[in-house]
Student: 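First the structure, then my questions, so here it is.
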Amino acid sequence: MINDLYGSMVFDDKTMRKYLKEETFLELKKCCENDIPLSIETANEIADSMKNWALEKGVTHFTHWFQPMTGITAEKHDSFIAPAKDGGVIMEFSGKELIKGEPDASSFPNGGLRATFEARGYTAWDPTSYAFIKDGILCIPTAFCSYNGAALDKKTPLLRSMEAINKHTVRLLHLLGRDTKKVSAMVGPEQEYFLVDTSVFEKRKDLFYTGRTLFGARPPKGQELDDHYFGAIKPRVAAYMKELDEELWKLGILAKTKHNEAAPAQHEFAPIYTTVNVSCDQNQLTMEIMKKVAAKHNMTCLLHEKPFAGVNGSGKHNNWSLSTDDGYNLFEPGKNPQENAQFLLLLAGVIAAVDKHQDLLRFSVAYAGNDLRLGGNEAPPAIMSMYLGDELTGILQAIADGRTYSNRAKCEVAIGVHVLPKFAMDSADRNRTSPFAFTGNKFEFRMPGSAQSIAGVNVILNTIVADQFKEFADELENCKDINKGITDIISRVMKDHSKIIFNGNNYSQEWVREAEKRGLLNLPTTIDALVLFTEKKNVELMARQHIFSEEEMMSRKEIYIENYCKLINIEAMTMLDIATMDIIPAVIEYKKMVTETVISSKEVGVKADAEIKIANHLEDLIIKSEKAVDSLKTALNEAHSMGENLNSAHIYKDSVIAAMNGLRAICDEMELNTAKSYWPLPSYGDLLFSIH
Ligand code: ADP
Ligand code: MG
């Protein structure tokens with residue numbers, strides 16, 4: 001049954017072999033492997049077969065599916081239908097239509113890259129990611145560029161970064177005597193999410209407009225018992241997960257794990273890892289389908305990083321590794337001396353890259369939603385560091401010091417001479433607090449937020465590692481004794497960059513102090529990270545690796561800043577709306593009931609001291625809430641007067657968020673002092689335990 005379902009909606013290799021001529025299929029594969037363009041004849045044949053396959057599935061429309069800077073996907077549907085000479089219609093789909101599209105895309109964010117007169121931009125087919133059918137539409141994964149070739153989307157730089165990491169890793173491997181033809185970055189993203197019952201969700205305007213709760217007092221029971229983590233899955237959720245799996249299987253996305261997460265109502269989904277651009281497309285699709293399937297089960301899937309204050313937020317762990325064309329994982333510690341030398345050299349490259357570019361990694365996960373999560377007691381802090389485990393750190397340090405590494409297995413470590421001592425990396429002693437952990441044969445970057453596209457994160461990862469490998473390759477090319485060259489490099493990396501290695505508890509306050517002593521960057525907010533993106537070091541790096549022009553970087557920074565301002569503005573406006581139109585009137589109503597009780601009690605000669613106290617307290621709270629509303633309005637007005645730029649972003653970050661927190665605190669206190677029947681919003685308890 002799974003066999004029939006799996007990939008049934010994907011124009012994958014299996015389907016292509018069935019629908020394409022052998023030589024056309026091989027031509028396509030060759031072009032993908034060597035990054036060369038297809039001839040129009042081949043494109044025409046592929047388009048025709050794709051159309052025939054889609055028609056058999058009842059499809060009448062196609063779309064170029066792309067990932068503009070909004071972070072979600074976009075599509076514009078066109079039909080296959082064309083007029084026939086005899087007055088009827090025929091179904092047509094040409095190679096030209098497959099390869100290139102021209103969406104009227106003038107309203108996608110472009111950060112000043114695209115003047116209105118050339119507003120159209122174009123989409124270009126990415127043949128390395130399979131076409132698929134979604135909701136009866138043939139979707140063709142594409143990159144989205146302006147007419148002069150500037151990237152307007154998330155896929156273009158990702159593809160560029162894949163070329164960079166391929167080029168420089170292959171260079172290094174050749175120097176080490178391997179004849180690898182191609183190296184790809186592989187990624188498996190673990191996706192966390194919340195499910196709430198839709199009937200409850202619909203009563204929360206804040207969740208509806210912003211994806212997170214802007215008000216809500218703590219429930220009597222939260223996640224303190226840790227009884228949800230890996231606990232039994234409720235039948236409604238199990239039914240959801242089953243259907244989600246099936247929908248994803250159809251699209252060739254294999255769900256590997258599913259379990260409950262730490263917070264009530266929180267769950268996790270992980271697919272089997274694959275090439276990074278495919279993984280990125282699949283994750284975008286997964287997020288979309290998670291929401292759709294949830295709706296069918298009368299549930300709403302929340303992908304926001306921090307839907308509930310005081311409850312764990314959701315992340316998206318980006319598991320990253322490098323694989324050769326023959327399926328060899330380059331971060332698998334070696335079985336022989338030669339492989340060890342290679343492993344340790346590549347590992348040293350990642351260490352140096354992460355240390356040098358802490359700012360870029362932090363930048364890659366910087367946006368308003370994630371600020372609420374990073375540095376909480378659940379997610380890595382906004383300080384980059386790397387976990388290697390004591391044993392691996394010890395080995396690298398021993399090489400750097402020219403010492404004998406002695407531990408459990410007593411043996412000498414010299415590059416290219418001895419087999420590495422076996423180091424166990426089982427999940428039991430895995431450090432779960434590290435933002436960037438080596439987990440045995442891959443790196444797990446834990447800072448990305450759950451709603452985020454993984455494109456940006458992997459652009460940065462691929463690029464910084466590619467650049468470091470380039471430096472190593474340049475050096476080793478001019479080196480007579482390769483083993484000595486590698487040892488020198490590792491020694492240098494450990495001397496200059498071992499400060500980035502931290503195997504302890506990243507959630508502790510001591511680490512924040514220790515990191516400061518080590519001179520590591522601590523960038524708590526999005527704005528701190530965004531401004532560093534266009535520093536000289538980064539502009540040069542991106543130019544050197546052909547990822548972004550300076551203009552593209554400026555435009556991206558501008559888009560992110562604008563996005564930050566917009567998001568906080570929507571949240572603040574939603575808060576004002578709910579506070580003034582729902583919460584404060586409800587408390588006034590409740591106070592009225594209490595004061596009327598006072599009057600009627602007195603009429604019959606009953607004391608009402610407690611009620612008077614309650615009514616006075618409510619009045620105090622109402623006065624305070626009015627003041628908090630005014631403060632938020634004042635802060636917002638100041639931000640609005642400046643437009644959406646770095647100056648206003650600072651006002652949002654400092655004044656608006658502070659005023660939002662002030663208003664929330666007082667409203668949450670009101671909630672705890674108001675009768676449930678008067679309170680206009682479902683409580684945290686109602687939301688977190690809405691699914692039985
Ligand atoms: P965890 O213990 O962190 O949950 P899992 O083994 O479940 O780890 O894997 C989490 C994710 O990492 C999955 O998506 C998996 O496919 C992916 N993954 C496993 N090996 C690799 C690898 N070599 N490169 C990239 N991703 C990988
Ligand atoms: Mg994990």
Side-chain angles (χ1 to χ4, degrees), residues 6 158 161-162 165-166 169 180 182-193 229-231 233 241 244-245 248-249 251-262 266-287 290 312 314-335 339 342-343 346-347 349-350 378-380 386-389 392 424-448 450 452-455 457-462 465 506:
Y6 184 72
L158 184 59
S161 77
M162 288 171 75
I165 192 82
N166 172 39
T169 317
T180 306
K182 184 161 179 154
V183 169
S184 305
M186 310 300 286
V187 167
E190 294 164 68
Q191 175 78 51
E192 291 180 332
Y193 61 100
Y229 193 50
F230 280 39
I233 297 175
M241 287 177 170
L244 177 63
D245 277 353
L248 294 175
W249 287 338
L251 291 163
I253 303 170
L254 268 183
K256 184 176 178 281
T257 51
K258 49 185 175 186
H259 58 75
N260 291 348
E261 265 300 327
Q266 192 184 28
H267 309 279
E268 182 186 293
F269 167 89
I272 287 181
Y273 69 98
T274 178
T275 326
V276 60
N277 68 320
V278 175
S279 188
C280 178
D281 286 355
Q282 291 191 342
N283 182 249
Q284 292 297 127
L285 269 176
T286 302
M287 289 194 285
M290 284 170 100
N312 270 11
S314 301
K316 179 143 49 193
H317 295 172
N318 190 82
N319 294 276
W320 180 92
S321 67
L322 294 174
S323 171
T324 63
D325 47 345
D326 48 4
Y328 178 84
N329 177 357
L330 291 170
F331 290 113
E332 193 71 63
K335 290 188 196 66
E339 286 177 0
Q342 178 184 301
F343 166 71
L346 300 185
L347 182 65
V350 178
E378 40 156 316
M386 206 169 156
Y387 169 82
L388 292 182
L392 200 46
M425 274 261 173
D426 60 340
S427 46
D429 66 300
R430 238 190 233 182
N431 183 324
R432 298 206 169 263
T433 66
S434 174
F436 198 89
F438 180 67
T439 51
N441 62 5
K442 63 186 190 303
F443 295 91
E444 186 169 337
F445 185 26
R446 302 201 178 107
M447 283 167 113
S450 49
Q452 186 177 2
S453 155
I454 57 167
V457 171
N458 289 296
V459 167
I460 298 297
L461 263 175
N462 292 343
V465 174
N506 282 256

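Counting starts at 1 for both ligands and their atoms, following the listed order. Residue numbers count from 1 along this sequence. Bear in mind that the values here come from a model prediction, so they are computed numbers and not experimental data.
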Student: Who passes side-chain contact (heavy atoms from CB on, under 4.5 Å) against Ser450, sequence neighbours left out?
Tutor: Gln191, Glu305, Ser314
Student: Any side-chain heavy-atom pair from Ser279 and Pro189 closer than 4.5 angstrom?
Tutor: yes
Student: So which of Met186, Glu190, Glu444 gets nearest to atom 4 (O) of ligand 1, if we judge by its closest heavy atom?
Tutor: Glu190
Student: Who are the ring-ring contact (aromatic ring centres under 6.0 Å, His included) partners of Tyr6, not counting sequence neighbours?
Tutor: none
Student: When you measure from the side chain of Asn329 to the backbone N and O of Asn441, does any donor-acceptor pair fall under 3.5 Å?
Tutor: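 Checked: pair present.
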Student: Please check if the distance between the ring centroids of Phe443 and Phe331 is under 6.0 Å.
Tutor: yes
Student: Using distance alone, determine whether Arg432 and ligand 1 share an N or O pair under 3.5 Å.
Tutor: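 Checking ligand 1 against Arg432, no N or O pair falls under 3.5 Å apart.
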Student: So which bit of Ile272 gets within less than 4.0 Å of ligand 1, heavy atoms only: side chain, backbone, both or neither?
Tutor: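 For Ile272, the contact with ligand 1 is made by the backbone alone.
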Student: Considering Ser321, Pro271, Ala185 one by one, which has a heavy atom nearer to atom 14 (O) of ligand 1 than any of the others?
Tutor: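 Looking at heavy atoms only, the winner is Pro271.
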Student: Side chain or backbone, does Tyr273 bring an N or O within less than 3.5 Å of an N or O on ligand 1?
Tutor: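 It does: an N or O of Tyr273 is found under 3.5 Å from an N or O of ligand 1.
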Student: Please identify which atoms of ligand 1 are closer than 4.0 Å to at least one heavy atom of Asn329.
Tutor: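 The list of qualifying atoms is 23 (N).
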